[in-house]
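Some notes on the structure that comes next.
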Amino acid sequence: MSVGLLAGCGGVEAPEDLSQEEADRIIEMAVPSPCTDACDAKYYQCYYGGGDPYYCTSYRAFCISQCK
């Protein structure tokens, strides 16, 4: 049974080749921008400052939707 595992059955596939545009888009989505950081800071101030959780979450979503 262990021979089948060592022989290469299953395992990790080789990564696909990405274009530079695709790679840049993935990085942009994964790394928070200064705008989203500011929205998160306002959210934490609202939430932990005793604000209504629904309002704080809604405001954060609106704030992030305005980031470009």
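A quick note: this is a predicted structure, and the numbers were derived from the prediction, not measured.
Cysteines Cys63 and Cys39 are disulfide-linked, with SG atoms closer than 2.5 angstrom.
For the pair Asp37 and Pro32, the tightest heavy-atom approach, listed with the atom from each and the gap, is OD1-CB, 3.5 Å.
Side-chain contact check for Phe62 versus Ser65: some heavy-atom pair is nearer than 4.5 Å.
Between Asp52 atom CG and Cys46 atom SG the span is 7.5 Å, to the nearest 0.5 Å. Rounded to the nearest 0.5 Å, atoms SG (Cys56) and NZ (Lys42) are 13.0 Å apart.
Shown here is Tyr47, whose OH atom has no more than 12 heavy atoms of other residues, nucleotides or ligands within 6.0 Å. Residue-environment remark: CD (Gln66) exceeds the threshold of 12 foreign heavy atoms within 6.0 Å.
In the hydrophobic clustering of ILVMFWY residues, with side-chain heavy atoms under 4.5 Å counting as a link, Tyr48 and Tyr43 come out together.
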